[in-house]
2 protein chains.
Amino acid sequence: MTVVGRFSTRPLYLQVKDMLIQRIAAGAWKPGAAIPNEIELSRELGISVGTVRKALDEMESERLISRRQGRGTFVIDQTSNEHAVRFSNIRDANGIRITGEVESCSVAAAAASDVESRRLQLRTGEPIFHIHRVRTHNDAPLMVEDATVPQSRFPGLPQEEDVTLSIVVLAHRYGVLLARAEEKVGATAAKGGIAKALKVAEGTPLLTLDSVVYAIDGRPIEWRVAHCHLSDDHYLAEMS
Amino acid sequence: MTVVGRFSTRPLYLQVKDMLIQRIAAGAWKPGAAIPNEIELSRELGISVGTVRKALDEMESERLISRRQGRGTFVIDQTSNEHAVRFSNIRDANGIRITGEVESCSVAAAAASDVESRRLQLRTGEPIFHIHRVRTHNDAPLMVEDATVPQSRFPGLPQEEDVTLSIVVLAHRYGVLLARAEEKVGATAAKGGIAKALKVAEGTPLLTLDSVVYAIDGRPIEWRVAHCHLSDDHYLAEMS
DNA sequence: AAGTGGTCTAGACCACGGA
DNA sequence: CCGTGGTCTAGACCACTTA
């Protein structure tokens, strides 16, 4: 039996949450698998069920687990279709989130420039990867994107053949749990290589997305600048 | 003493929440005022403190109240600067949400067209108001917007001199509590009257916002189409 | 010091899902 | 039927704010 919280002022339920998050990130339970029930967890930790419940409730609201009455509590599979697109606000005509399919892709190692280190909260010169992608949807060009990620979080990335993956799936493979993203949206005129890649005339208005994805520890994981040409698709922001 | 929940299967804490929301919408407590403490509410309703607490926790997450340890629980003032801009994703250079200042404004009564009735979940022909506004920020044109609201929710609106108000403040005056909004974002080229109003050349890429604001009962309150020219400002979407 | 919300406990019973 | 999470209770003590 593990007793938590004896020497910390951090609320017990947050300590429980921290510990469970760590266990999930470490892969103690596979995605989709059930975790021990409330009673069992409370016994294991030597605390009350209500405290475990509060930790689990918060984790559910952060999309780390899914709880269903009568069935149990399950680790969410971040790589599933449903969750892999959670940081894309682009939706098809049916309102389904899409990311498109990667048509071409290239990776290069580099040192962080001033602006890159600022957006990713690194020191200038820290090693990073640049990932360039062209995405299509229904065989039509959808977007051109340039992503930057810190090498420290994705060691050995260029060896992987997985740079076509969405950041959600990629982060999952490297044991990074994602929490949220911020995306600046703008309108600019297509020009040069971007117009060519998207097969539109120069001057066509494009949606530009400048987004940063943050891990559960609050640190930035990916900075991405994308230029999109949306035909049957649209960008949908939700506010509450 | 009021006893709730005897003849309903709806969870007690949701009934409590419903009742408190109704009281707030009815103006039983003024914005910014403290509501009775947990113990008092639980005694008044003849239920446990934990149940009251669960209702209040949900209401806080929906921005209806604000709770502060040692002070009390307060009704949020939706008309305050902080909350009046909550459905605008446009931010200034400092990252502060802005809506701009209304430069010109006009209102007209009309019957809902097909598309309007669809977006606002009305029947075609139901009475609506059209509100046209031009907004500036720092003396530069910011956006041209056309809003549509159902007359049923805002009886006698044209008599008011308040059509320059944001939908959040307006809804508050008519006893409507807002919950969330959805906004389609696109990029189009400026033309005609819109280019003139925004003082930009024809063909300039503009951000178009097509948004619907929903009340706490889930029904649409406002449909708005805006064309924005953002110079020092930007549009920021947050995802989680 | 008094009053508030925040945390934590240790139960009880209910609603749901699957065997 | 059993096991799960969901609701609800009735307390205790703590941390914070204000007077």
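A, B, ... follow the sequence lines: proteins, then strands. Residue 1 opens every chain. Since this is a predicted model, take the numbers as computed values, not measurements.
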Nearest-nucleotide comparison on DNA chain C, the residue closer to the 5′ end among Leu14(A) and Ile35(B):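 Closer to the 5' end of DNA chain C: Ile35(B).
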Residues two or more places apart in sequence or in another chain: which of them pass side chain to side chain donor-acceptor pair (under 3.5 Å) with [X]?
X: His83(B); answer: Ser80(B)
X: Asp210(A); answer: Arg119(A), Trp223(A)
X: Ser88(B); answer: none
X: Asp217(A); answer: Arg153(A)

Positional range of nucleotides in DNA chain C within the contact set of chain A, heavy-atom, under 4.0 Å: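 Using the under 4.0 Å cut-off, the span is dT7(C) to dG18(C).
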Those residues that, when tested against Phe87(B), pass ring pair (Phe, Tyr, Trp, His ring centres under 6.0 Å) (two or more places apart):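 Residues passing ring pair (Phe, Tyr, Trp, His ring centres under 6.0 Å) with Phe87(B): none at all.
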Qualifying residues under side chain to side chain contact (heavy atoms under 4.5 Å, CB included), relative to Ala179(B), sequence neighbours excluded: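 Partners of Ala179(B) by the side chain to side chain contact (heavy atoms under 4.5 Å, CB included) criterion, ordered by chain and then number, come out as Ile216(B).
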With sequence neighbours excluded, residues passing side chain to side chain contact (heavy atoms under 4.5 Å, CB included) with Asn94(B):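 With sequence neighbours excluded, Asn94(B) shows a side chain to side chain contact (heavy atoms under 4.5 Å, CB included) to Asp92(B), Ile96(B), given in chain and number order.
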Neighbours of DNA chain C within residues 63-73 of chain A, by heavy-atom distance under 4.0 Å: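 Those residues whose heavy atoms fall under 4.0 Å from DNA chain C, taken from residues 63-73 of chain A in numerical order, are Gln69(A), Gly70(A), Arg71(A).
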Tell me: [atom1] of [X] to [atom2] of [N], nearest whole Å?
X: Glu40(A); N: dG3(D); atom1: CD; atom2: P; result: 12 Å
X: Glu38(A); N: dG3(D); atom1: CD; atom2: C1'; result: 12 Å
X: Tyr13(A); N: dC14(D); atom1: OH; atom2: P; result: 18 Å

Heavy-atom check, side chain of Leu165(B) versus side chain of Arg173(B), under 4.5 Å: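 The answer is yes; the side chains approach within 4.5 Å.
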Runs of at least three consecutive pairs that involve DNA chain D, where pairs are Watson-Crick or G-U with distances under 3.5 Å: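 Stem segments, range with range: C:1-18 with D:1-18.
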Check: residues 231-240 of chain A side-chain donor-acceptor pairs under 3.5 Å, at least two apart:
residue   : atom : partner   : partner atom : Å
Asp233(A) : OD2  : His137(A) : ND1          : 3.3
Tyr235(A) : OH   : Asn89(A)  : ND2          : 3.1
Tyr235(A) : OH   : Glu183(A) : OE1          : 2.5

Output side-chain donor-acceptor pairs under 3.5 Å for residues 67-76 of chain B, partner residues at least two apart or in another chain, one line each.
residue  : atom : partner  : partner atom : Å
Arg67(B) : NH1  : Asp57(B) : OD1          : 3.1
Arg67(B) : NH2  : Glu38(B) : OE2          : 2.4

